[in-house]
Undergrad: 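Submitted below is the structure of interest, expressed as structure tokens.
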4 protein chains.
Amino acid sequence: MSKGDATRQMIVEKAAPIFNIKGMAATAMSDIMEVTGLSKGSMYNHFQDKEMLVSAVVDYNLHSYAGKIRAAIGPEKTAVKKLFAFIDLLGTPLSPIIEGGCPVLNFGTEADDTHPSVATKLNAMIELCENALAGIIKEGIQQKEFDADWNYKEFAVIMFSMMEGGHILSRIAGNNNRMKLISKTLKAMIKQHVIQ
Amino acid sequence: MSKGDATRQMIVEKAAPIFNIKGMAATAMSDIMEVTGLSKGSMYNHFQDKEMLVSAVVDYNLHSYAGKIRAAIGPEKTAVKKLFAFIDLLGTPLSPIIEGGCPVLNFGTEADDTHPSVATKLNAMIELCENALAGIIKEGIQQKEFDADWNYKEFAVIMFSMMEGGHILSRIAGNNNRMKLISKTLKAMIKQHVIQ
Amino acid sequence: MSKGDATRQMIVEKAAPIFNIKGMAATAMSDIMEVTGLSKGSMYNHFQDKEMLVSAVVDYNLHSYAGKIRAAIGPEKTAVKKLFAFIDLLGTPLSPIIEGGCPVLNFGTEADDTHPSVATKLNAMIELCENALAGIIKEGIQQKEFDADWNYKEFAVIMFSMMEGGHILSRIAGNNNRMKLISKTLKAMIKQHVIQ
Amino acid sequence: MSKGDATRQMIVEKAAPIFNIKGMAATAMSDIMEVTGLSKGSMYNHFQDKEMLVSAVVDYNLHSYAGKIRAAIGPEKTAVKKLFAFIDLLGTPLSPIIEGGCPVLNFGTEADDTHPSVATKLNAMIELCENALAGIIKEGIQQKEFDADWNYKEFAVIMFSMMEGGHILSRIAGNNNRMKLISKTLKAMIKQHVIQ
DNA sequence: TATGAATGAGCCTTCATTCAT
DNA sequence: TATGAATGAAGGCTCATTCAT
């Protein structure tokens with residue numbers, strides 16, 4: 001990686017949590033300058049404008065979020081364990097896996113009406129998660145872990161919606177209570193489909 | 001109502017959807033000037049500063065949202081119909097009951113880390129909704145509509161989380177598909193507790 | 001005095017110390033509204049504009065200052081005692097006879113280059129003080145208290161300058177030390193002319 | 001000196017007389033923009049806020065004032081001549097050595113009640129002047145120019161107070177008459193201590 | 001590539017003032 | 001006489017961005 005690329009990467013990494021926490025409009029380029037220690041000119045050497053930086057930051061946050069999920073699920077050997085690992089990983093929204101909480105939600109409410117290109121990226125991430133969940137269950141069915149007549153595609157959508165809803169409501173409330181209930185409920189729903 | 005109060009009210013009403021759509025940081029006082037047709041000075045006669053206006057706008061949006069829900073549920077005579085009315089009312093996030101979508105989500109992601117006083121208001125609204133749902137079911141149990149061993153308090157939390165999650169994911173996707181599935185699922189879950 | 005005049009008088013009295021302390025430019029009409037409890041409209045019923053209020057306030061402060069001096073000097077029976085009373089009255093600039101200290105200085109530095117009409121009033125006050133001092137000494141000479149060849153007119157000018165200089169320097173320093181020395185010195189100078 | 005430092009210096013130099021003439025509150029940042037030909041943004045690149053600019057301007061004015069005094073006194077060879085040079089330099093307040101007149105007075109009346117950090121700087125300048133005068137006389141005593149029993153420390157305080165008082169009163173009056181009298185008087189007082 | 005001085009539009013807010021009631 | 005809603009210019013300051021070095 002060239003020096004330029006390294007700097008660019010560093011900017012994105014340092015900027016990512018700030019945008020995720022404060023939001024796109026509320027984060028100033030000067031905030032990023034401060035946290036990177038770079039000069040104004042240098043920032044603009046690497047990113048044409050704020051929008052480009054935002055775009056890279058959204059990508060980074062989503063990629064980072066997905067990576068942590070993948071890392072948690074990957075080592076698990078059974079479908080049930082993978083699903084439970086997913087649930088547990090996202091089970092404490094107040095100590096989230098990336099600073100500021102789920103980027104889909106954080107950027108989503110700001111982007112839905114006003115930043116279509118960001119919304120498109122977020123939507124891809126949503127589908128990625130849903131497909132990942134569906135894929136795990138499908139695999140589980142094939143491995144005779146789950147009963148075959150489970151409508152797993154629908155469940156994946158329901159599960160992800162429920163967790164995202166629980167995530168933001170918990171963060172607003174300032175405690176993980178709702179998410180605990182949701183985790184318990186989802187696990188119970190999953191167990192109902194386990195073939196013993 | 002005095003003229004001043006009327007103007008204040010008008011400002012809030014005109015400002016409410018703008019803040020709900022664009023967000024707190026991204027909405028400028030000049031946006032509100034434009035939409036109200038008032039001068040800058042006049043705005044500041046009615047609101048000490050932007051924060052005060054935001055506070056009034058959050059209150060208004062939440063109150064307005066709650067009011068529409070209440071209006072939809074109120075006329076229904078049975079608990080099942082009330083719950084279904086709730087689900088149907090919020091079933092199309094792309095044509096939401098107030099412009100910009102659910103204010104709990106819109107303000108929530110911006111407020112959770114940075115505006116505690118707003119978060120407190122949002123949390124009160126969340127509990128209001130959950131309690132309203134729980135209350136309907138409880139009434140339904142007493143009226144022998146639902147079986148008595150339904151853990152309705154937990155269901156209320158689950159239901160609201162699922163709908164909020166579905167709401168924002170649908171808005172990001174730009175279609176109501178997820179929400180339709182959630183509606184169908186929730187209605188099925190409810191029917192399971194109906195005593196026929 | 002009519003009600004209107006009473007209100008006008010009240011405004012001036014309440015406004016006077018604020019302008020004397022904060023200065024003309026730094027005092028806002030809203031500061032005066034606050035301290036008087038009057039509405040914007042009411043203020044402008046009594047004073048055409050801020051300049052008119054300032055003008056009245058300057059008059060009031062000067063008049064008030066002069067009045068306190070006169071009250072302190074008047075009862076004294078001899079010229080020496082009158083001069084000493086004057087010196088003692090102005091001897092503690094940090095607890096001045098009107099809030100904010102000598103209005104000649106406070107308005108003078110702001111007015112000298114930019115508000116000629118105010119400067120004119122201040123100058124009249126300066127001459128009033130100098131003439132008062134000169135008049136006391138002249139009377140003292142006639143009463144054989146002081147030797148006849150004292151150039152009392154020059155002394156009056158010197159004395160007032162010294163006290164005004166000491167007043168502001170003491171206020172800047174935050175202690176009365178300089179003024180104490182000046183008081184001692186002036187009294188010694190006066191005693192040199194006393195016929196025993 | 002870097003370009004940035006040069007610009008900063010230029011801003012201070014151009015701003016200094018304006019603040020000295022109009023006062024801190026009455027001088028707007030836009031006044032400084034105009035006189036420097038710089039944009040608002042550029043001003044704020046060099047000074048965090050108005051207060052920082054004021055601080056630099058006060059320093060500059062005081063330093064500049066002190067510099068001119070030092071330049072006038074320095075070349076003189078005897079203590080008497082130095083004192084007379086000081087008196088003569090400040091003898092015409094209507095054509096003062098820096099535009100707007102003595103900064104100690106100009107900033108002092110505005111700062112005494114409301115800007116303690118400025119007042120501290122002014123006080124340091126006052127003591128500097130008093131000490132300079134006292135130092136000259138002390139040196140004169142050592143050189144047998146002045147009689148040894150002159151309480152020169154007290155005289156320095158008296159002299160500076162008198163000149164500051166005369167300065168502002170002259171400026172208010174719009175003529176140098178009082179200052180001429182003060183000059184004459186001070187010189188006479190000094191001569192009384194000269195050993196011939 | 002990196003710097004940081006410069007820009008000017010725009011932001012939030014305050015100000016003096018007016019005027020219908 | 002008193003009120004307070006309305007005004008718009010101006011104030012201090014921040015922002016994203018440009019560009020010569």
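In what follows, every heavy atom counts, from backbone to side chain, and hydrogens, waters and symmetry copies are set aside. Chain letters run A, B, ... following the sequence lines, proteins first and then strands; every chain starts at 1.
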Undergrad: Rounding to a whole Å, what distance do you find between Tyr44(D):OH and dC12(E):C1'?
TA: 13 Å
Undergrad: With sugar-phosphate meaning primed atoms plus P, OP1 and OP2, does Lys50(B) contact a base, only sugar-phosphate, or nothing at under 4.0 Å between heavy atoms?
TA: sugar-phosphate
Undergrad: What's the NZ-P distance between Lys40(B) and dC12(E), to the nearest Å?
TA: 7 Å
Undergrad: Using a heavy-atom cut-off of under 4.0 Å over every strand shown, decide if Thr36(B) touches base, sugar-phosphate, or nothing.
TA: nothing
Undergrad: Let me spell it out: for each of Met43(D) and Met24(B), pick the nucleotide of DNA chain E with the closest heavy atom. Which residue's pick is nearer the 5' end?
TA: Met43(D)
Undergrad: Do the side chains of Val12(C) and Phe47(C) get nearer than 4.5 Å, heavy atoms only?
TA: yes
Undergrad: dA9(E) pairs with which nucleotide, Watson-Crick or G-U wobble, both distances below 3.5 Å?
TA: dT14(F)
Undergrad: On DNA chain E, nearest-nucleotide positions of Gly41(B) versus Ala25(B): which is more 5'?
TA: Ala25(B)
Undergrad: Taking all non-hydrogen atoms of both residues into account, name the closest pair between Glu110(D) and His115(D) and its distance.
TA: O-ND1, 3.7 Å
Undergrad: Counting Watson-Crick and G-U wobble pairs only, both distances under 3.5 Å, name the nucleotide matched with dT17(E), or none.
TA: dA6(F)
Undergrad: Write down the distance between CG (Leu38(A)) and P (dG4(E)), rounded to a whole number of angstrom.
TA: 11 Å
Undergrad: If you define the side chain from C-beta out and look only at heavy atoms, does anything of Ser55(D) sit under 4.5 Å from Lys121(D)?
TA: yes
